[in-house]
Amino acid sequence: MGEKVTIEIPKELYEKAQKYIQESGGEFKSVNELVEFVLNELLSEEEEETVFTPEEEEKIKQRLKSLGYI
Amino acid sequence: MVSKPHGGKLIRRIKRDFEKEDIQTLEVSLEQALDIENICRGVFSPLEGFLDRNNYLSVLENKRLSNDIPWTIPIILDVSNQSIDGLKEGDDVLLKYYDRNIALMNIEEIYQWDKKQYARYIYGTTDPEHPGVSKIYKMNDYLVAGKLELLNSVPTRFERYTLWPIETRILFRERGWRTIVGFQTRNAPHRGHEYVQKAALTFVDGLFVNPLVGWKKKGDYKDDVILAAYETLIKHYYPRDVVVLAVLRTSMRYAGPREAVHHAIMRKNFGCTHFIIGRDHAGVGNYYGPYDAWKIFQEFPDLGITPLFIREAFYCKKCDGMVNEKICPHNEEYRIHISGTNIRRMLLNGERPPEYMMRREVAETILSFENPFM
Amino acid sequence: MNGEYTTVSIPKPLYERIKNIIKDTGFTSVSSFVIYVLREVVASYEQEKIEVFSEEEKKAIIEKLRKLGYI
Ligand SMILES: [Zn+2]
């Protein structure tokens with residue numbers, strides 16, 4: 001097990017998340033797991049959006065500029 | 001689907017039979033009586049009564065009830081020092097408006113509140129010149145919390161236009177609407193309002209025009225005028241089956257951004273899925289920043305109703321029609337801004353405003369009243 | 001602050017990545033971001049409780065709506 005960081009959230013929200021877990025049928029074992037899953041999913045979406053390197057981005061911006069789009 | 005009630009359950013706390021035993025009574029004002037009926041008929045779902053201290057503070061500090069449900073305006077009952085005498089936690093009291101039994105309340109808590117703290121959180125200012133703040137400062141020092149049961153409705157002149165959340169929910173369903181946009185107003189409609197409503201209506205099934213009646217300043221349109229003006233507009237310029245016009249009786253608090261969220265929550269309880277937010281929604285003077293009423297919605301991913309931020313409409317001579325900032329490229333010299341104040345001034349002089357400001361039929365309806373203003 | 005708080009824990013690398021992506025987004029901390037995301041997830045799932053009106057009530061309301069000309 002790697003190092004963990006603790007995050008404060010409202011108790012009521014935690015309890016709602018717990019209920020969500022129970023009702024969603026055993027997909028997650030704990031709120032920690034749910035949070036981790038959701039955050040990872042968000043990050044992977046984020047990463048899909050950036051399918052180019054910073055150098056590529058710079059080059060594309062240059063082209064858009066030269067064409068007058070930006 | 002019609003929107004879920006806020007907090008998941010539509011509150012309906014109505015008691016028909018009531019035996020008058022030895023019960024203490026508490027006189028309430030009209031405004032308080034209306035809050036009571038709004039609670040009991042689900043306009044304020046999930047509230048079942050006036051807020052206790054815990055929830056009150058949570059609304060101030062977190063813009064949420066203590067169960068994490070978004071809620072931005074405290075719904076509280078203040079009572080005078082004299083009336084509080086003899087009341088204690090656990091008591092049942094009969095709440096009366098004049099000689100009418102309005103509701104029963106079981107007192108859960110009696111507590112004091114800090115009005116300056118309220119003003120700071122809710123209005124963002126403690127300036128007594130602010131109409132909301134000055135009203136708060138005049139209120140009593142004690143608040144009473146407790147669940148309510150409605151005994152009788154508050155009398156209204158607008159029976160014909162009174163629909164409660166359960167009724168609009170059934171109505172929207174009967175009409176087969178799945179998406180409904182709510183529109184809040186305290187004005188007779190001009191072309192700018194019509195534009196904004198129709199811009200929204202283009203993308204949803206139905207429009208719920210929901211004027212707030214009962215609280216007016218001098219110079220405002222009278223409630224009957226607003227309703228008659230809307231009837232005329234709908235008759236001549238809207239397809240029959242896409243609009244519902246009904247009134248809401250609750251006080252205007254001038255709490256800007258927080259009130260915008262509150263307005264949205266109430267309309268969600270009526271079944272709306274969308275709600276139009278004006279640029280300076282529920283604002284007054286210069287107390288709130290120009291887009292604060294839009295920004296606050298970012299804090300509520302769990303609101304359950306979609307705010308629509310539609311820019312103010314104006315007439316553009318080049319575009320030859322009603323447009324807004326986002327769709328008109330022309331500069332100021334072509335634009336005619338529609339000012340409610342100007343329109344009111346013209347109507348007050350018995351003049352009909354030009355068609356690009358207000359529909360002829362609407363203006364004529366307003367002018368047919370002997371005195372359309374308060 | 002009003003209201004009780006509790007904690008969740010997430011792996012440190014995940015925490016760092018989140019901290020990185022919320023830069024310049026208006027979220028002031030990883031915690032406020034996690035709260036936002038979790039509220040969104042939970043709200044989208046909240047089940048509608050059964051509506052509390054009977055068939056008779058519904059009929060009566062429809063009758064009223066008809067009389068007022070709404071239907
Ligand atoms: Zn134009």
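Since we're looking at a predicted model, the values are computed, not measured. All heavy atoms count here, side chains included; hydrogens, waters and symmetry mates do not. So that the names make sense, note that chain A is the first sequence line, chain B the second, and so on, each numbered from 1.
No other option in C:Leu38, C:Val37, C:Val34 has as many heavy-atom pairs under 4.5 Å with chain A as C:Leu38. If you tally non-hydrogen atom pairs under 4.5 Å between each of A:Val38, A:Leu34, A:Leu39 and chain C, the highest count goes to A:Leu39. Per-residue heavy-atom pair counts under 4.5 Å with chain C were compared for A:Ile9, A:Thr6, A:Asn32, and the maximum is reached by A:Ile9.
Only the side chain of C:Ile21 comes within contact range of chain A, with heavy atoms under 4.5 Å apart.
The distance from atom CD of A:Gln18 to atom CD of A:Gln22, rounded to the nearest 0.5 Å, is 6.5 Å. Interatomic distance, OH of A:Tyr69 versus CD1 of A:Ile60, reported as 14.0 Å (0.5 Å rounding).
Looking at every heavy atom in both residues, A:Ala17 comes nearest to C:Val42 through CA-CG2, 4.0 Å.
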Apply salt bridge (charged side-chain N to carboxylate O under 4.0 Å, His left out) to the pair A:Glu57 and A:Lys61, showing each step before the final yes or no.
CA-CA 6 Å; A:Glu57 184 177 348; A:Lys61 278 188 185 159; 3.3 Å; yes

